[in-house]
**Student:** 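Can you read through this structure? Questions will come right after.
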Number of protein chains: 2
Amino acid sequence: MSLNNGELSERKKLILKAIIDAHIENGEPVGSRYIMQNAQIAYSSATIRNEMAELEELGYLEQPHTSAGRVPSELGYRFYVDTMLSHYAMTQREIAELNNLMRVKQAEVDTILEQASKLASALTNYTGISVKPKPTAASISRFETVWVDSRSFILVMVTSTGVAKSKFVRLGFDASRETAARLAAALNANLAGLSADQITLPAIMRMEAAMGIDSVLVNPIIKCIYETMSELDDGDVRFEGINRLLQYPEYADIGRFKRLLGALEEKQDILDLVSGARADNVNIYIGSENTVDVMQNSSLIFKTVHRRGHTVGAIGIIGPCRMDYSRVVTMIEHLATQVSSMLDGDESQTNLLNGGEHNAGKG
Amino acid sequence: MSLNNGELSERKKLILKAIIDAHIENGEPVGSRYIMQNAQIAYSSATIRNEMAELEELGYLEQPHTSAGRVPSELGYRFYVDTMLSHYAMTQREIAELNNLMRVKQAEVDTILEQASKLASALTNYTGISVKPKPTAASISRFETVWVDSRSFILVMVTSTGVAKSKFVRLGFDASRETAARLAAALNANLAGLSADQITLPAIMRMEAAMGIDSVLVNPIIKCIYETMSELDDGDVRFEGINRLLQYPEYADIGRFKRLLGALEEKQDILDLVSGARADNVNIYIGSENTVDVMQNSSLIFKTVHRRGHTVGAIGIIGPCRMDYSRVVTMIEHLATQVSSMLDGDESQTNLLNGGEHNAGKG
DNA sequence: GTTTAGCACTTCACCTGTTTGAGTGCTAAA
DNA sequence: TTTAGCACTCAAACAGGTGAAGTGCTAAAC
């Protein structure tokens with residue numbers, strides 16, 4: 001029977017693992033006879049049946065209907081993932097494909113994340129996900145104004161994370177050298193050091209009062225800063241290979257798939273999930289552990305990606321609860337690590353940095 | 001019988017329209033009796049049956065199986081769309097929602113397109129699509145170098161379409177005022193006027209030779225230009241509300257839906273399609289008219305979006321061939337026009353233009 | 001006390017044949 | 001040229017039967 005401390009006996013663990021492995025393999029409920037024959041378990045089917053019944057009572061297994069085999073419950077998967085995940089050895093081909101990522105042309109973070117997600121999807125055969133979270137921690141550390149001519153300049157906002165946004169600003173009038181200098185100084189004095197959510201109307205009004213500069217000048221710049229911050233503040237979630245999910249019988253029910261798709265388009269939930277995730281390890285959310293409850297019957301596995309110690313995104317996959325966790329975890333682990341080191345190494349090698357569109361006054 | 005010139009008799013047209021309307025309405029094969037009763041066609045079911053048989057022979061109708069009603073063929077839909085599309089009058093609510101789009105906060109083109117696509121999806125209940133095509137026509141009209149300090153500057157590339165890209169460039173050494181000036185001049189002399197695909201290795205080598213500047217300086221800039229052009233050159237296709245399609249019986253077959261999804265992820269095909277589309281009107285691709293042949297049984301409807309006379313994108317929807325064309329076409333027409341005028345009006349009102357990320361040397 | 005063989009029972013999946021209803025094509029009459 | 005009538009076709013829905021897989025339980029074996 002069950003041990004007094006509530007832990008599973010070794011034999012139960014063995015049987016549970018065998019059942020989960022088998023189910024992951026073929027997707028069907030697994031019966032006692034199958035376990036007896038295919039796993040190295042030297043007990044009769046009757047004994048295994050008894051253990052299975054107890055495992056079900058403990059919540060690790062479920063039975064679709066009376067005369068069906070057993071299927072792992074979410075608790076079962078969780079236990080499996082937490083305590084008996086075996087190490088997956090990547091094949092040569094997989095390693096090669098992963099290394100290939102390094103050859104990707106130098107690109108901005110977004111592009112790299114997307115590429116990685118695509119690769120994750122291809123390697124695991126699940127839906128890849130790339131997340132660019134809200135950099136809530138980011139604050140503006142300084143402003144630079146670079147004047148193109150007397151009535152237009154590029155406003156560069158450098159954030160504490162080392163990322164900068166630039167905006168092309170055109171004034172309706174000529175600004176003197178002196179005004180220009182005063183502008184930059186005032187911006188730095190009043191807004192530098194503030195985080196995205198601190199740049200609010202009061203802060204701006206304070207600045208406007210303190211600056212003593214024509215509001216005609218300040219106004220468009222304020223608008224510009226606002227915009228930029230909101231752009232910076234916007235997270236994004238992208239998926240690659242949603243169609244891959246359709247090959248799994250778990251999603252043969254079109255209704256369930258539809259609900260999952262709907263949930264995925266509510267990107268905010270996923271952003272929240274990723275924002276609250278651990279940075280040091282692969283995160284695994286199984287079934288209803290997902291806050292998004294429509295995502296039941298699906299697992300979300302991802303790892304955050306870093307650059308110079310800051311989280312700049314996450315990559316992972318979404319698939320049915322029944323998935324080859326050891327393989328997937330290994331893949332995501334490697335991939336995220338690879339991307340992180342790529343982002344860091346990248347920095348030291350080159351001076352070319354990602355830029356953006358401006359609109360020129362005339363062609 | 002069929003008229004000698006191959007055109008359909010009025011009665012055939014009437015019956016064809018009645019069948020298509022009915023099929024669009026309820027999605028099922030429509031029979032002769034139904035047409036006789038529900039449409040204003042004062043002939044017996046037998047007569048209608050005869051006409052239907054002929055319409056089938058002419059290719060406008062199809063029969064799923066012997067004892068089923070008729071279903072419009074792609075040719076039938078095409079004929080319907082080309083010659084008998086009735087004007088759809090938008091409801092107050094629809095007009096309100098469309099006008100609401102105008103209130104969207106000032107944002108970059110991408111965001112606006114995406115918003116519009118979302119709205120299109122919501123209004124039509126099909127999958128929205130937003131396309132940012134390759135601006136193949138774009139050429140670089142001039143370069144500007146804006147020096148931040150002696151070893152870093154922002155390289156601004158203004159394209160003929162009035163859009164500009166900026167890149168932050170940091171050199172490993174100090175550049176003299178004179179070198180800086182020579183650089184800008186050389187860039188303009190050798191690369192200005194070239195289109196994206198003309199900036200090739202030969203052109204660059206020519207410039208490198210002609211410039212007579214240290215290649216240490218030229219090298220990172222070349223890299224930078226290359227990158228920028230490829231970014232500029234990259235189109236993008238985005239979808240909103242893919243799950244909406246699943247409500248239609250056309251996509252109840254999970255295999256077909258899977259193939260469609262796969263095709264949609266091959267964004268290049270759609271980019272090509274949009275690039276070759278007419279700019280002045282709503283484009284309708286029905287079923288296998290799509291070059292992407294997996295998209296059979298689906299229609300793609302879109303209209304290009306303009307800014308100052310240049311195509312900057314397209315918005316539309318994807319749905320089953322059986323769709324309420326008149327309604328959808330009206331929607332997309334209005335939406336795209338709205339966005340275009342918004343982009344143009346927007347320009348004249350504000351001086352704030354979309355910018356991008358730079359990476360600062362240090363935080 | 002633990003394990004196992006044996007057996008009755010349950011449930012689903014599959015196959016079969018039958019019925020039903022919608023819709024057609026054809027023919028002959030109006 | 002149109003229409004009423006009728007035989008025919010086919011898919012979908014229904015009902016019953018069979019078999020396989022797998023369980024739970026009991027009693028015997030270790």
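Every chain is numbered from 1 and lettered A, B, ... according to where its sequence line falls, protein lines coming before strand lines.
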**Student:** For the pair made of CE in B:Met52 and C1' in C:dG25, what is the distance, rounded to whole Å?
**Tutor:**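 Taking CE of B:Met52 and C1' of C:dG25, I get 12 Å after rounding.
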**Student:** Among residues 69-77 of chain B, which ones have heavy-atom contacts with DNA chain C below 4.0 Å?
**Tutor:**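 Residues of residues 69-77 of chain B under 4.0 Å from DNA chain C: B:Gly69, B:Arg70.
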**Student:** Do B:Gln268 and B:Asp272 get their side chains close enough for a donor-acceptor pair, meaning under 3.5 Å?
**Tutor:**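 Yes, a side-chain donor-acceptor pair sits under 3.5 Å.
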**Student:** So do the side chains of B:Arg78 and B:Val81 get within less than 4.5 Å of each other, counting heavy atoms only?
**Tutor:**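 SC-SC contact between B:Arg78 and B:Val81 confirmed.
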**Student:** Between atom CD1 of A:Ile318 and atom CE of A:Met295, what is the distance when rounded to the nearest 0.5 Å?
**Tutor:**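 Going from CD1 on A:Ile318 over to CE on A:Met295, the span is 4.5 Å.
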**Student:** Can you list the residues that meet the ring-ring contact (aromatic ring centres under 6.0 Å, His included) rule with B:Tyr80, with sequence neighbours excluded?
**Tutor:**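 Per chain and number, B:Tyr80 pairs via ring-ring contact (aromatic ring centres under 6.0 Å, His included) with no residue.
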**Student:** Hey, what do you get for CG (A:Asn297) to CZ (A:Phe257), rounding to the nearest 0.5 Å?
**Tutor:**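 Result: 13.5 Å between the selected atoms.
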**Student:** Just jot down the ring-ring contact (aromatic ring centres under 6.0 Å, His included) partners of B:Phe239, sequence neighbours excluded, or say none.
**Tutor:**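 Not a single residue meets the ring-ring contact (aromatic ring centres under 6.0 Å, His included) criterion with B:Phe239.
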**Student:** Donor-acceptor check, side chain of B:Glu97 to backbone of B:Leu123, threshold 3.5 angstrom: yes or no?
**Tutor:**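 Answer holds: no.
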**Student:** Separation of B:Leu55 atom CG from C:dG23 atom C1', in whole Å?
**Tutor:**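 It is 17 Å, rounded to the nearest whole Å.
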**Student:** Working to the nearest 0.5 Å, report the span between CZ of A:Arg33 and CG of A:Asn38.
**Tutor:**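 Output value for this atom pair is 11.0 Å.
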**Student:** Would the distance check show the side chain of B:Gln247 and the main-chain N or O of B:Arg244 forming a donor-acceptor pair, the cut-off being under 3.5 Å?
**Tutor:**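 Confirmed, B:Gln247 side chain pairs with B:Arg244 backbone.
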**Student:** With a cut-off of less than 4.0 Å, is there a side-chain N or O of B:Arg49 near OP1 or OP2 of C:dT27?
**Tutor:**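 No.
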**Student:** Let's see if you get this right: which residues in residues 18-45 of chain A place a heavy atom under 4.0 Å from DNA chain C?
**Tutor:**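 Residues of residues 18-45 of chain A that come under 4.0 Å of DNA chain C are, in numerical order, A:Tyr43, A:Ser44.
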**Student:** Could you spell out the base pairing of DNA chain C as a dot-bracket line? Use Watson-Crick and G-U wobble contacts where both distances are under 3.5 Å, [ ] for crossing pairs, | for partners on a different strand.
**Tutor:** ||||||||||||||||||||||||||||||
**Student:** Determine whether a donor-acceptor pair (N or O, by modelled atom type, separation under 3.5 Å) exists between the side chain of B:Lys267 and the backbone of B:Val237.
**Tutor:**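 Yes, because the side chain of B:Lys267 sits within donor-acceptor range (under 3.5 Å) of the backbone of B:Val237.
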**Student:** If I take atom NZ in residue A:Lys12 and atom C1' in nucleotide C:dT3, what distance separates them, rounded to the nearest angstrom?
**Tutor:**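 Atom NZ in A:Lys12 sits about 14 Å away from atom C1' in C:dT3.
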**Student:** Check whether any side-chain N or O of A:Ser121 sits under 3.5 Å from a backbone N or O of A:Tyr126 as a donor-acceptor pair, and report yes or no.
**Tutor:**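 Yes; judged by distance alone, with no hydrogens or angles, the pair exists.
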**Student:** Expressed as a whole number of angstroms, how long is the span from B:Ile48:CD1 to D:dT3:C1'?
**Tutor:**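 Interatomic distance, CD1 of B:Ile48 to C1' of D:dT3: 12 Å.
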**Student:** If you apply the rule side chain to side chain contact (heavy atoms under 4.5 Å, CB included), what do you find for B:Tyr77 with B:Glu289, and how did you get there?
**Tutor:** CA-CA 11 Å; B:Tyr77 281 124; B:Glu289 294 173 9; over 6 Å; no
**Student:** Could you tell me the separation between the CD atom of A:Glu51 and the P atom of D:dG24, rounded to a whole number of Å?
**Tutor:**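 In whole Å, D:dG24 P lies 13 Å from A:Glu51 CD.
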**Student:** Mind checking whether A:Asn281 and A:Glu333 have side chains closer than 4.5 Å, heavy atoms only?
**Tutor:**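 A side-chain contact under 4.5 Å exists here.
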**Student:** With the criterion being N/O to N/O and under 3.5 Å, what pairs connect the protein with nucleotides 10-19 of chain D, and how long is each?
**Tutor:**
{"unit_1": "D:dC10", "atom_1": "O2", "unit_2": "B:Ser67", "atom_2": "OG", "d": "3.0"}

**Student:** Please report, rounded to the nearest Å, how far the C1' atom of C:dA28 is from the CG atom of B:Asn50.
**Tutor:**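 So the CG-C1' distance, B:Asn50 to C:dA28, works out to 14 Å.
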